[in-house]
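Each remark here refers to the structure printed beneath this line.
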Amino acid sequence: MTNIDQAATLATFGAVWSVLSVGHTLADHVIGQTDHQAGNKAAPSTTEVADGVNPRQGWGACLGHVAQYHLVMAVLLGLLWAALPLQMSWTGLTAGLVLSAVTHAFFDRRWPVRWLLERIGSKGFAELRAAGMNGMYLADQALHRTALLASAPLLITLL
């Protein structure tokens with residue numbers, strides 16, 4: 001790989017990461033989910049399941065949000081790709097968005113985020129809901145951004 005190729009790869013990564021970061025905020029908070037999806041996408045708690053609630057409850061809202069979210073992301077990435085001569089491919093775009101969609105749906109069921117926080121000794125943070133802070137929300141956002149960071153190289157390297 002020449003210096004020019006390396007520079008092009010780094011520039012593409014920077015541009016893609018910027019769009020993924022801005023797109024995440026836009027799609028997760030503004031135009032990528034309805035109030036119904038936001039309020040109903042989580043899995044029922046173990047108590048709710050014990051009381052007879054179907055453990056699959058919420059999947060429809062979750063998948064609807066994930067589809068809407070990734071439509072926003074795909075449009076933004078497509079606009080970026082159309083505007084700039086970036087090293088991207090349809091295979092990479094598909095792989096990156098699929099990885100993002102799978103991880104996004106998994107984290108938005110909420111139990112995986114709570115499970116992780118409890119296992120690393122942060123149960124108190126998982127239950128934090130005070131002074132404008134919400135531990136589950138902050139952890140959810142950190143995990144989404146980490147998954148997007150893992151998706152970015154796929155977007156630019158799979159030719």
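These numbers come from the heavy atoms of this one structure, side chains and all, not from hydrogens, waters or symmetry mates.
Contact check for Arg145 versus Thr25: side-chain heavy atoms found under the 4.5 Å cut-off. In this structure the side chain of Leu155 never reaches within 4.5 angstrom of the side chain of Thr12, judged on heavy atoms. Leu20 places a side-chain heavy atom less than 4.5 Å from the side chain of Leu77. Using a 4.5 Å cut-off on side-chain heavy atoms (C-beta onward), His65 and Thr34 make no contact. A heavy-atom distance below 4.5 Å is not found between the side chains of Ile156 and Leu86. No side-chain heavy atom of Ser21 sits less than 4.5 Å from a side-chain heavy atom of Leu148.
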Can Asn134 and Leu128 be said to form a side chain to side chain contact (heavy atoms under 4.5 Å, CB included), step by step? CA-CA 5 Å; Asn134 182 311; Leu128 174 67; over 6 Å; no

Could you go step by step and tell me if His144 and Thr103 meet the side chain to side chain contact (heavy atoms under 4.5 Å, CB included) rule? CA-CA 7 Å; His144 284 322; Thr103 58; 5.8 Å; no

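Cluster annotation: Leu71 is not connected to Val30 through the hydrophobic network of ILVMFWY side chains, with a link wherever side-chain heavy atoms come within less than 4.5 Å. Tracing side-chain contacts under 4.5 Å through hydrophobic residues (I, L, V, M, F, W, Y), one reaches Leu138 starting from Trp111; they form part of the same cluster. Ile31 and Tyr69 fall within a single hydrophobic cluster, where Ile, Leu, Val, Met, Phe, Trp and Tyr are joined by side-chain heavy atoms under 4.5 Å apart, directly or via other members. Hydrophobic cluster membership differs between Leu79 and Trp90, with clusters built from Ile, Leu, Val, Met, Phe, Trp and Tyr side chains linked at under 4.5 angstrom. Phe106 and Trp115 fall within a single hydrophobic cluster, where Ile, Leu, Val, Met, Phe, Trp and Tyr are joined by side-chain heavy atoms under 4.5 Å apart, directly or via other members.
Nearest heavy atoms, Ala74 versus Leu97: CB-CD1, 3.9 Å. Counting all heavy atoms, side chain and backbone alike, Ala139 lies closest to Val113 at CB-CG1, 3.7 Å. Summarising the geometry of Cys62 relative to Ala105, their closest heavy-atom pair is SG-O, 3.6 Å, with the distance given to 0.1 Å. Nearest approach of Gly32 to Gln37, heavy atoms of both residues: O-OE1, 4.2 Å. Smallest separation of non-hydrogen atoms from Asp140 and Phe107: OD1-O, 3.9 Å. Closest approach of Leu149 and Trp17 over heavy atoms only: N-CZ3, 3.5 Å.
Of the possible donor and acceptor atoms, none in the side chain of Ser100 sits under 3.5 Å from a partner among the backbone N and O of Gly96. Side-chain N or O atoms of Arg114 include none that pairs as donor or acceptor with a backbone N or O of Met136 at under 3.5 Å. Proximity of a side-chain donor or acceptor of Gln33 to a complementary backbone N or O of Asp28 within less than 3.5 Å is detected.
Under the 30°/60° scheme for interplanar angles, the aromatic rings of His104 and His70 are found to stand perpendicular.
Residues Arg110 and Ser45 have side chains that never bring a donor and an acceptor to within less than 3.5 angstrom of each other.
Note that CG of Leu143 and CG of Leu116 are 6.0 Å apart. Values are rounded to the nearest 0.5 Å.
Counting heavy atoms of neighbouring residues, nucleotides and ligands inside a 6.0 Å radius, atom CZ of Arg56 does not exceed 12 of them. Remark: Asp35 CG is loosely packed, at most 12 non-hydrogen atoms of other residues, nucleotides or ligands lying under 6.0 Å away.
Proximity of the aromatic rings of Tyr137 and His29 is defined here by a centroid distance below 6.0 angstrom, and this criterion is met.
Listed by first then second residue, pairs satisfying ring-ring contact (aromatic ring centres under 6.0 Å, His included) with a partner in residues 40-62 number zero, not counting sequence neighbours.
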